[in-house]
Amino acid sequence: MSRLKALGLATVFGALISGPALADDIVVGFATAESGFMQAYDKPAQDAALIRIDEINKAGGLLGRQIKVVTADTKTDRAEGAKAGLEVLDKGAELVIVSCDYDFGAPAALAAEAAGKVSFFLCAESIKAGIPGVGPHSFSSSVLAAVQGATMAQWAYTKKNARKFYRLLDTWTVYNKGICDGFDWQLPKLEGAELVGSDTFKNEDASIASQISRIKALPQEPDAIMLCTMMPGAVSAIKQIRAAGIKAPILNGSGVDGSYWLSAVPDLSNFFVPAQGSIYGDDPNPKVNEFNKKYKEVTGGDPSSQYVYPGYVLIDVWSKAVERAKSLDADAVVAELEKMKDEPTLFGPRTFTSEIHHQNKGRYLIIETTNGKPAVVDEWTISEAIPVADLLKQ
Amino acid sequence: MAQRSSLLARTISTLIILILILVAIAVVTKLAGSRPFERTVVEMFIRVMLVVGIYIFVGNSGVISFGHMGFMCIGAYAAAWFTIPAVMKQVSLPGLPNFLINTQLPIFLSAFLAGLLAALFALIVGRILMRLSGIAASIATFAMLAVINVVYSNWDSVTGGTGSIVGIPFYTGIWTALGGAILVVIIAYLYQISRSGLALRAGRDEATAAAASGVNIVRERLIAFVISAFVIGVAGALYGHFLGVVNPDAFYLSVTFITLSMLVVGGMNSLSGAVMGVIVISAIIQLLRWLEKGVDLGGTTLAIPNGLQEITIGLVMIIILMFRPSGLTRNREITWRLKGAGKPSE
Amino acid sequence: MTALLQILFDALSLGSLYALGALGIALIFGVMRLVNFAHGDYIAFCVFALLWPSIDAAAIVFAGNLPTIILIPLILAIGAGLSVLSEILVFRRFRNANPATMMIASFALGYVLKNFLLMLFSSRPKSIDLWSNLSQQVEIAGARIPLLQVITITITIVILIALTAFLKRTRFGLEMRAAAENFTMARMLGVKANRVIMLAFAISGMLAAAIGLILATQTGTVDIQMGMSVMLVAFIATVIGGLGSLPGAVIAGFLIGGASVLMQVILPLEARPFRDAFVYGAVIACLIWRPQGLFAPKSAKQRV
């Protein structure tokens, strides 16, 4: 990080983080990765959350009290994660915000659950990040991976007239499997759509030549390839698919949103990604573009992908629930959160119920990359929510 | 028999000292009264179980194993199968056989069975692998670990795939972990003074001579392999109850390397080395983490940059090994007398 | 027929990577009985050398923009330099240590390198466009193959031939082979140990750099983990091939690459995620069948 950026962060958040908590302050704890692998994924969303907290404090605070932030480093280690959770709880956290990824965030979230406090995952997209994997006080403000797969399938079917789908799954993470699970759920509901082939690979595979040979061996190129993968393997897979001369549209999850990697595949076209908001300055909602500017002012860089946004959303919905409950009592706040139905946020509506603390349906912007330039081309919400029972089965 | 009891008399002090050290750490931690610190110590005790478990095989046989964390994986998942409530298993692990879905065992029984399952697996695989020596054996154990990892990462209906499975009751606190660590140290001690342990050590140091004296190295190795698998299986179960989530990734390369490093830095041919390796490395890591968080020095906070802890611990390990190639304990046991008297390792 | 040819090329291109890796590991093992776990991190280090240190998401390409004619020697030199430096600073002090100690020291060194890169670049994988015109297709006997694959295979073969010639025809090569065969004896006969070992490290580092360049071109990605999987497979190939045997390591590298591609092709969809389990199962079988490796030099025999 350049010094300039560090300075920007320090001036805005310095007041939040340093200095002793006053008895009257509301403490929000971040048990997230400040070092190690997850750091690069936690930090952007955490910065966005801090921006929202700053806004609330400037507008007079929450329940008339200022929000005070405490942090503890999970070091991208599960056992350390649980400790970090305890640490922020010991400092009086009313809300515990945990690592982006379910696997790394769960230990801290479980510690919060055991203490009877509300926990939010920064951007986890597994159904487990919530009631099934932590408990009744745990939430995630992002949208499920399965919804991304289902959205892309239905959108490509409707708008791109895709009928013959090919499915290529990277078995590395639950997130990847989640995208393909959503795709699998959606596909039979699309009349006339068929799966012409399916294959798997591993994120770390240096070459997916044999997987590509299999696609090339099809009698005709599929109408769309559902690619369920994430960084860094995604870049390699996309590069190799295009290099092999396969021109079919490639559908993805939000994990490959961002322009930072496009230099690796120059002139990439016919490439589609769902995103909760656009980082490219062309979001239909002007407030999103304003937020992007603010984010740049504070952190010194543009948002690198849509995974910045869930951090902002989580503070937004939590603070609204606290205001409505007029209390910090975990059960009261959860009850208010569960009353939210299509609650508007900057990055699409949010619904929570006593059954699911995650989004099994959601509005997505469709971002198309043409000649290496990503831009918003459409907006899509799947016609029916993915049933919780189906999500749990996966 | 007389020889055996004199061996016991000569070496028992090592066992007593090691246990006293572990107990002292637990008591001091309890007195300090910080929850995060207590968890650090619990994790350290589990690491003691793992490293001493590896030591039972590696230290006595001289064969480096990269595969033992596979037994931890087996143990942790078995504990998950045995202790997660049936309602949750039906949903998250629908592929389990019915009798497993409907069982929910007490934690200690489940941990014991988890160890047995790991030991059984070791018995079957070990019958093939123990025929190998040297680096070929090391690679074969690594291949075993990789196979276990691939299977547990992809057999979604039974293991939940690469995702974590949750619902394992939290149980492992400082006293349970201390008990586990002490138990494992006792097992390792009893094994290394047993007939099989002595024969195996003889085979390690002088293979030809031992074989000539009628030691069946393959058989003794297998015994050590199975015992160590049991111990690590139990440790895996306790780890599951410590963290509350189980994930195949947690039982793969990084834990393999950190535990092996602890063993080698401590001194891989002695029980004291195994225990001290864990304690010393854990202490240094903890110290560096405190430094990373910042130390208050009369008003000014002194902190090292994030990430420097990892770099430093790597350098510290290299430096220790440079000056003590046979580990901190020089492969000797700690005894009452200062100059290693009872040293079955040499 | 075309399909078979396609499989053959896929296998050869994956196998080349493993073979180059195995060669790098076998060279060091031959002269000093060191299993160098830092090798994978050398690969990552060389690739990161293309970039300017920054923890931003977008990569700042630095050395990667140099003309090819300068870039390749530069990266190879970085690989060789890093490798030789680690020998001088670390491994030299472990000449008389047992293999386990050396192995853990090499692992610790790799850990330091990895976390050093992590501090400079953050964990987020970066993207880089290196010689993307190499990804165009060429047609060979009906099989369509990216140019890069052809080049990878060719480069591997060229390196192998060059290295063989070097080892067979030059004095250095003779010394190195002698050292690999029986280090103590070679020293007694006047081989300068340090020189031979440094040379082995330099070549090994260059091989790591070559793998790094190929991986970066092929995947377009720069990632801290990127050398890891190649290194593990290469390590296994070294053992299967017969520790100390350079040709054995190369052939075993190609075999594992071939097995992996073949499994991907013949396994049914449900079993495909378990591909690596089958590959590692084959590794175990191979070890049981030939514990000394497929091409064991005489010196590698265990005493019992």
Side-chain angles (χ1 to χ4, degrees), chain B residues 58 62 64 125 128-129 131-151 153-156 161 203 207-208 210-211 217 253-254 257-258 260-261 263-265 268 305-318 320-327, chain C residues 29 33 35 37 89-90 93-94 96-116 118-120 122 228 232 235-240 243 270-288 290-293 296 300 302-304:
Chain B
V58 174
I64 306 280
V125 178
I128 306 167
L129 294 191
R131 284 193 255 157
L132 297 169
S133 304
I135 193 99
S138 306
I139 295 296
T141 52
F142 172 72
M144 176 192 88
L145 173 70
V147 170
I148 293 176
N149 184 265
V150 171
V151 170
S153 301
N154 289 291
W155 199 2
D156 295 9
T208 321
I217 294 183
L253 296 174
S254 61
F257 282 125
I258 187 78
L260 271 179
S261 304
L263 179 62
V264 172
V265 168
M268 64 178 248
N306 278 336
L308 205 60
Q309 175 246 310
E310 283 84 357
I311 295 180
T312 316
I313 193 71
L315 291 177
V316 166
M317 274 175 9
I318 294 176
I320 292 179
L321 289 176
M322 263 182 203
F323 292 102
R324 292 277 187 99
S326 0
Chain C
F29 186 87
R33 294 287 171 266
V35 176
F37 275 115
L89 292 180
V90 179
R93 300 171 206 266
F94 288 90
N96 300 314
N98 69 30
T101 305
M102 280 202 284
M103 199 155 70
I104 295 300
S106 77
F107 154 67
L109 176 69
Y111 190 72
V112 169
L113 280 178
K114 188 186 305 214
N115 283 290
F116 176 66
L118 196 73
M119 258 181 115
L120 288 187
S122 99
M228 191 67 173
L232 284 176
F235 176 33
I236 292 168
T238 314
V239 175
I240 293 186
L243 271 170
E270 302 76 49
R272 254 176 255 159
F274 296 94
R275 179 195 72 202
D276 286 4
F278 289 93
V279 175
Y280 285 113
V283 165
I284 295 179
C286 188
L287 285 169
I288 300 292
R290 295 288 290 266
Q292 309 306 334
Q302 296 271 333
R303 278 179 301 152
V304 176

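The choice from C:V279, C:I236, C:V283 that makes the most heavy-atom pairs within less than 4.5 Å of chain B is C:I236. When the candidates B:V58, B:I320, B:L132, B:T141 are compared by the number of heavy-atom contacts under 4.5 Å with chain C, B:L132 comes out ahead. When the candidates C:A97, C:G293, C:P273 are compared by the number of heavy-atom contacts under 4.5 Å with chain B, C:P273 comes out ahead.
Of all the heavy atoms in C:F235 and B:I139, the pair that sits closest is CZ-CD1, 3.4 Å. Scanning both residues, C:L89 and B:M322, for their nearest heavy atoms gives O-CE, 3.4 Å.
The shortest side-chain heavy-atom distance between C:Y280 and B:F142 falls under the 4.5 Å cut-off.
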TODO: Might you work through the side-chain contact (heavy atoms from CB on, under 4.5 Å) test for B:V147 and C:D276, ending with a clear yes or no?
DONE: CA-CA 7 Å; B:V147 170; C:D276 286 4; over 6 Å; no
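To the nearest 0.5 Å, the span separating CZ on C:R272 from CG on B:N154 amounts to 13.0 Å. Expressed to the nearest 0.5 Å, how far CE of C:M119 lies from CG of B:L308 amounts to 5.0 Å.
Interface remark: B:I64 contributes side-chain atoms only to the contact with chain C (heavy atom separation under 4.5 Å). Heavy atoms of C:V90 lying under 4.5 Å from chain B belong to its backbone as well as its side chain. Looking at B:I318, the atoms closer than 4.5 Å to chain C (heavy atoms on both sides) sit in the backbone and in the side chain alike. With a threshold of 4.5 angstrom between heavy atoms, B:I313 approaches chain C through side-chain atoms but not through N, CA, C or O. Interface remark: B:L263 contributes no atoms to any contact with chain C (heavy atom separation under 4.5 Å).
The neighbour count for B:R324 CZ, taken as heavy atoms of other residues, nucleotides or ligands under 6.0 Å away, is above 12.
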Extract all donor-acceptor atom pairs below 3.5 Å that involve side chains of residues 99-116 of chain C and protein atoms in other chains or at least two apart in sequence.
residue, atom, partner, partner atom, Å
C:T101, OG1, B:P325, O, 2.9
C:T101, OG1, C:N98, OD1, 2.8
C:S106, OG, C:V35, O, 3.2
C:S106, OG, C:F37, N, 2.9
C:S106, OG, C:M103, O, 2.7
C:N115, ND2, C:Y111, O, 2.9

